[in-house]
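Reviewing the structure listed below.
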There are 2 protein chains.
Amino acid sequence: MPQRGRPPGFDRESALRQAMEVFWTKGFDNASLTDLTRAMGINSPSLYAAFGSKEALFKEAVELYSRTEGSGIWEQVETAPTARDAIAQVLRTTAEAFTRGDEPRGCLIVLAAPQMQGANPGVCDALKARRQHNVCQLERRLQRAINENELPASTDCRAIANYFVTLQHGMSIQARDGASRETLLAIADCAMSGWEALVGVSHEA
Amino acid sequence: MPQRGRPPGFDRESALRQAMEVFWTKGFDNASLTDLTRAMGINSPSLYAAFGSKEALFKEAVELYSRTEGSGIWEQVETAPTARDAIAQVLRTTAEAFTRGDEPRGCLIVLAAPQMQGANPGVCDALKARRQHNVCQLERRLQRAINENELPASTDCRAIANYFVTLQHGMSIQARDGASRETLLAIADCAMSGWEALVGVSHEA
DNA sequence: GATATTTTGTAGCTATCGATACAGAAAGGA
DNA sequence: TCCTTTCTGTATCGATAGCTACAAAATATC
């Protein structure tokens with residue numbers, strides 16, 4: 001008995017995808033229930049029945065974003081043959097992903113609620129955790145590169161991971177301000193041009 | 001006849017400073033009139049008589065921010081003896097300014113309304129213009145360094161300016177996420193370690 | 001002291017926010 | 001066919017948003 005009662009009149013996944021786009025464009029607070037229900041093609045009672053609350057809907061949207069949009073950027077960290085390739089790929093893919101014509105520019109996780117105050121605390125914490133996950137992922141990859149003798153043991157993996165993630169976050173601001181793909185790629189090139197010097201020095205504050 | 005009628009019961013400058021702190025902490029939209037009037041120690045009619053509207057108050061607050069907080073970061077661009085020193089100073093001062101215990105972390109101009117949609121368009125444009133002003137300022141300084149034979153004529157000043165400003169914007173996100181001063185300084189060191197390689201290559205892509 | 005001018009606090013305006021109550025509509029099971 | 005279950009649209013909830021009308025209070029001018 002899988003189905004009882006009136007069947008839903010909308011597709012949950014595609015409605016969630018529409019909601020994701022609204023949050024991506026406007027951020028959490030500026031995305032009103034009216035914006036969301038209009039984009040999703042449903043009324044608010046259906047939204048609340050299917051997702052629980054605006055906060056819960058947002059968290060599902062972030063999850064979907066990470067799974068679809070974000071994975072294209074970060075999945076290569078593990079698979080790239082070297083740490084250098086991994087980071088170069090992250091920056092280059094970021095430049096491309098942030099300037100697709102049919103999508104909002106920049107990263108939902110960076111732009112949706114950066115103030116960390118006044119907005120819903122659960123929302124802020126969820127986004128912050130995802131931002132910091134990127135640092136950990138990069139740091140682990142750099143540590144692996146030390147183990148594989150790509151990088152010297154003196155490499156400050158945490159500092160380097162923080163550095164590249166910081167740049168990648170800044171690219172969200174640039175993209176939302178209208179920077180072209182070429183501009184973002186040039187930024188990536190600037191960062192990578194310093195790679196040899198970066199991994200050759202130690203940063204012990 | 002400079003003064004007629006009942007004198008104001010509050011100091012306009014210090015009230016504006018309080019408003020700036022609220023906008024800095026919460027962003028434009030999340031800073032409610034209640035938040036503002038409570039912090040400023042006045043009622044809304046006084047606020048509107050003195051500043052006109054929430055948007056006008058915000059723009060004055062941004063102006064004050066640039067004049068006081070921001071100038072400490074960017075004023076050295078012109079006075080530093082070399083372009084390299086200028087940029088190193090910007091990044092180092094940024095790390096310090098973003099982690100003062102008595103002030104909100106990160107930059108008001110980056111964090112107050114980054115979505116660029118849904119929020120007040122005038123507010124978004126004003127902040128975007130100030131962000132891009134930093135790029136132009138850095139680019140001009142790098143161009144000057146070419147003229148002064150500090151840098152080769154092939155240096156891509158715009159790409160380099162974009163690169164460092166992007167990193168500086170990312171530092172706002174890191175600071176708001178709780179990064180320590182040491183972490184931000186290490187990020188600055190990472191960026192500066194690539195300086196020689198950066199100014200030695202051209203970025204004509 | 002009387003009048004003109006400006007600021008103050010109270011109280012309330014309209015609009016919109018996120019979230020729901022409720023009854024009718026659409027399906028399966030008896 | 002009747003009942004149960006689930007979903008839908010309408011209409012609305014209380015709270016809060018930005019903003020303002022209004023009269024009392026506080027000063028300068030006459």
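Here is how names work: the chains are called A, B, and so on, in the same order as the sequence lines, proteins then strands, and each is numbered from 1.
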Let's test your reading of the model: under 3.5 Å, does the base of dT16(D) pair with the side chain of T34(B) as donor and acceptor?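 Checked by distance alone, the answer is no.
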
Under 4.0 angstrom between [X] side-chain N/O and [N] OP1 or OP2:
X      : N       : result
Y48(A) : dT20(C) : no
S32(A) : dC17(C) : yes
N43(B) : dT8(C)  : no

Under the 3.5 angstrom rule, does the side chain of R144(A) hit a backbone N or O of E78(A) as a donor-acceptor pair? yes

Under a 3.5 Å distance rule, please check whether R141(B) uses its side chain to pair with a backbone N or O of A80(B) as donor and acceptor. yes

Quick one: [X] [atom1] to [N] [atom2], roughly how many Å, whole number?
X      : N       : atom1 : atom2 : result
L36(B) : dC19(D) : CG    : C1'   : 13 Å
D29(B) : dG18(D) : CG    : P     : 8 Å
L47(B) : dT8(C)  : CG    : C1'   : 14 Å
K26(B) : dG18(D) : NZ    : C1'   : 15 Å
F51(B) : dT20(D) : CZ    : P     : 16 Å
F10(B) : dT6(C)  : CZ    : P     : 15 Å
I42(B) : dT6(C)  : CD1   : P     : 19 Å
L33(B) : dT14(C) : CG    : P     : 18 Å

Selection from dA26(C), dT6(C), dT27(D) that lies nearest to any side-chain heavy atom of P7(B):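 Out of dA26(C), dT6(C), dT27(D), the nucleotide with an atom closest to P7(B)'s side chain is dT27(D).
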
Of the candidate nucleotides dT6(D), dT8(C), dT5(C), which contains the atom at the shortest distance from the side chain of R4(B)?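 Of the candidates, dT5(C) comes closest.
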
Residue whose closest nucleotide on DNA chain C lies nearer the 5' end, R6(A) versus E55(A):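 This one resolves to E55(A).
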
Nearest nucleotide by nearest heavy atom, which residue falls closer to the 5' end of DNA chain C, A49(B) or F28(A)?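 Result: A49(B).
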
Identify whether any heavy atom of [X] sits under 4.0 Å from a base atom; if not, whether one sits that close to sugar-phosphate; answer base, sugar-phosphate or nothing.
X      : answer
S44(B) : base
A31(B) : sugar-phosphate
P45(B) : base

Pick the closest DNA chain D nucleotide for G52(B) and for G5(B) by heavy atoms, then say which residue is nearer the 5' end. G52(B)

Given R67(B) and E60(B), is the salt bridge (charged side-chain N to carboxylate O under 4.0 Å, His left out) satisfied, shown in steps? CA-CA 10 Å; R67(B) 205 168 60 241; E60(B) 280 204 54; over 6 Å; no

Run T25(B) and Q117(A) through side-chain hydrogen bond (donor to acceptor under 3.5 Å, both in side chains) and show every step you take. CA-CA 7 Å; T25(B) 303; Q117(A) 295 255 8; over 6 Å; no

Are K59(B) and F51(B) in a cation-pi contact, defined as NZ or CZ under 6.0 Å from the six-membered ring centre and within 45° of the axis?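 No, K59(B) and F51(B) do not form such a contact.
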
